Amino acid sequence: MNKIFSALTLVLVMLSCKQKAGPVLAAEYLHHEDGMQVITSLINNKNKTISIIYGNQLAAAFAGNVQREHQAGEKYVMVTSDQRPMPHWYGTNMNGAILCVEYATAVVTEEGGVGFDYMRRSGNGKLMTEGVDETSRIRFMTGQPAAVHP
Amino acid sequence: MKKSGLTVKKKKLVVVFGTILFILAGIQFTSPSIKNPPSTSEIALPADVMAILKRACFDCHSNNSSVEWFDRIAPVSYLVSHDINEGRSRFNFSEWERNPPVVRELLLWEMVNAIEERKMPLQRYLRMHPEAAVSTTELEILKRYVNTLPGRHKVDTMAIARALPDSQIQQLMKAVPVSANGIEYSDDYKNWKIISTTDKYDGGSMRIVYGNDIMVNAIAANKLPFPDGAQIVKVVWGKHLEDSLGNVFPGNFQNVQLMIKDSKRFSSTEGWGFAKFDGLQLKPFGASAIFQTTCINCHRLLAPENDFVFNIPTK
């Protein structure tokens, strides 16, 4: 009896049309800067973050090892997002909300050398100045070799 | 008057039921028989993992289908034999070595996901075979197992190859790589926007996923399914060893994969055209256009409500 019932519900289910709610997209997790190209990306599993480092043409030339010394005009942007499990696939983590965006721009110093201006903003654009070791952040985000893009 | 009306109705009912019974009996002679061919290379798994998959999946994904009496009765038997044939064609635990090692690992991760997303075992099968259901504790056992597979902790220790020798570059310049389904490689994506960055820890790679303007605008407008002209490009690298601060950077470039929406041209694969170009030579993957079936089968099973796309930002 039970099996016959199952067979009948089965037919009913197959006839009915299942309607699944679609996802709600979150464009606010995307960040874009005109005129910048990707230098590299990085994962940090200790901080549970995932980042992209972008650069303008001069920065990309440095990261690609075409230019051996930093030069004024190089611009770097590093976007760091929260890591979250990818919906529908256990086995991948992806970027979630943006935690901070860092900017480093190479300028000519008073002594005639090259230095960097640095700024950090939160995901919603607020300046974040507290507890930043600017020198080490600048060294980190401007010193990475470019990932190979064919 | 009323009384004789009822008898006529009754007679009609008898005729209707009689006919149905007759047809049911008749189609039993055409009922497909389900055969169990010999097992050539059965999968080797830890005992606890094997027990779960044997109970929940082997009926359709192995040459050891145990078919119950009610499964042998037409029209149910048609459905059962369809599911078994289709299930075995996707992957077969009894002929496991037919899959290259990388595919074996990917299949095991896909199985975990198929169970987690409640796509497998098939719902219609579970109704008749409730004992095949996989519990949360059992899913945890499977998850723990896939995390012990070699791809899980793969590190790219090779020196990074940055470019091809000049001779090969010149050859590449002459001929744009073309996939077997006619999709051409292009590096336009370098000017597109990034829609996602991922750590694919199941296979030891990291990725950046780009979308063209049509794709990005559709995301901004929260519009699904994605319109014709939408394009997605995923660039894949190996992963370097983690440094002391926990940072993992890209290793060698592995491949570029893309999806192009054209609902007419790619109607057999849900409107998406797939392509993959391997290595710095960007060698098209797939000897014939049939390779697209493997691509869509996995995307269709697990991400149908996302218009078959995984890498989209969602709340």
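The structure displayed is predicted, hence computed values, not measured ones. Proteins come first, then strands; the chains are lettered A, B, ... in the order of their sequence lines, and each starts at number 1.
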Next on the checklist: For the interface with chain A, which of Phe277(B), Phe249(B), Phe310(B), Phe253(B) has the highest count of heavy-atom pairs at distances below 4.5 Å?
Outcome noted: Phe249(B)
Checklist entry - What is the ring orientation for Trp192(B) with Tyr189(B), classed by angle as parallel under 30°, tilted 30 to 60°, or perpendicular over 60°? => result perpendicular
Checklist entry - Among Val209(B), Ile312(B), Thr197(B), Asn252(B), which has the most heavy-atom pairs under 4.5 Å with chain A? => result Thr197(B)
Next on the checklist: Quick check on Ala218(B) against chain A: is it the side chain, the backbone, both or neither that has a heavy atom closer than 4.5 Å?
Outcome noted: backbone
Checklist entry - Between Asp188(B) and Lys190(B), does at least one N-O distance fall below 4.0 Å, as a salt bridge requires? => result no
Checklist outcome for this item: If you tally heavy-atom pairs under 4.5 Å between each of Ile195(B), Ile160(B), Asn311(B), Leu245(B) and chain A, the highest tally belongs to Leu245(B)
Checklist entry - Of the listed residues (Gln37(A), His31(A), Arg84(A)), which shares the most heavy-atom pairs with chain B below a 4.5 Å separation? => result Arg84(A)
Next on the checklist: Could you report the tightest heavy-atom contact between Gly238(B) and Met206(B), atom names first, then the distance?
Outcome noted: O-CG, 3.8 Å
Checklist outcome for this item: Residue from Asn306(B), Val112(B), Asp307(B), Leu224(B) scoring the most non-hydrogen pairs under 4.5 Å with chain A is Asn306(B)
Checklist entry - Is the shortest side-chain N to carboxylate O distance from Glu105(B) to Lys154(B) below 4.0 Å? => result no
Checklist entry - If we ignore angles and hydrogens, is there a donor and acceptor under 3.5 Å between the side chains of Gln83(A) and Asn45(A)? => result yes
Next on the checklist: Under 4.5 Å from any heavy atom of chain A, what part of Trp109(B) do you find: side chain, backbone, both or neither?
Outcome noted: both
Item to check | Check: Glu102(A)/Tyr118(A) side-chain N/O donor and acceptor closer than 3.5 Å | outcome: yes
Checklist entry - In terms of side-chain geometry, is the basic nitrogen of Asp199(B) or Arg207(B) positioned less than 4.0 Å from the acidic oxygen of its partner? => result no
Next on the checklist: Can you tell me which of Asn47(A), Ile52(A), Val38(A), Leu42(A) forms the most heavy-atom pairs within a distance under 4.5 Å of chain B?
Outcome noted: Leu42(A)
Item to check | chain B contact via Glu33(A) - side chain, backbone, both or neither, heavy atoms under 4.5 Å | outcome: neither
Item to check | Heavy-atom proximity to chain A below 4.5 Å, by part of Ile194(B) | outcome: both
Checklist entry - Within 45° of the ring axis of Tyr90(A) and under 6.0 Å from its six-membered ring centre, is that where the NZ or CZ of Lys143(B) lies? => result yes
Next on the checklist: Whether the Asn255(B) and Gln257(B) side chains hold a donor-acceptor pair (N or O, under 3.5 Å, no angle test) is what I'd like checked.
Outcome noted: yes
Item to check | Residues in residues 134-141 of chain A that sit under 4.5 Å from chain B, counting heavy atoms only | outcome: Phe140(A)
Checklist entry - Taking every heavy-atom pair that is under 4.5 Å apart, which of Ala303(B), Gly251(B), Pro250(B) has the most such pairs with chain A? => result Pro250(B)
Item to check | Heavy-atom check, side chain of Lys234(B) versus side chain of Ser196(B), under 4.5 Å | outcome: no
Checklist outcome for this item: Whatever's closer than 4.5 Å to a heavy atom in chain A on Glu110(B) counts as both
Item to check | Lys46(A) atom NZ: more than 12 heavy-atom contacts under 6.0 Å | outcome: yes
Item to check | Close side-chain approach of Phe226(B) to Ile232(B), heavy-atom, < 4.5 Å | outcome: no
Next on the checklist: Can you tell me which portion of Asp202(B) sits under 4.5 Å from chain A's heavy atoms? Options are side chain, backbone, both or neither.
Outcome noted: both
Item to check | Side chain / backbone / both / neither for His149(A) at chain B, heavy atoms under 4.5 Å | outcome: both
Next on the checklist: I'd like to know whether CD of Glu140(B) has more than 12 heavy-atom contacts from other residues, nucleotides or ligands below 6.0 angstrom.
Outcome noted: yes
Item to check | Region of Ile50(A) in contact with chain B, defined by heavy-atom distances below 4.5 Å | outcome: side chain
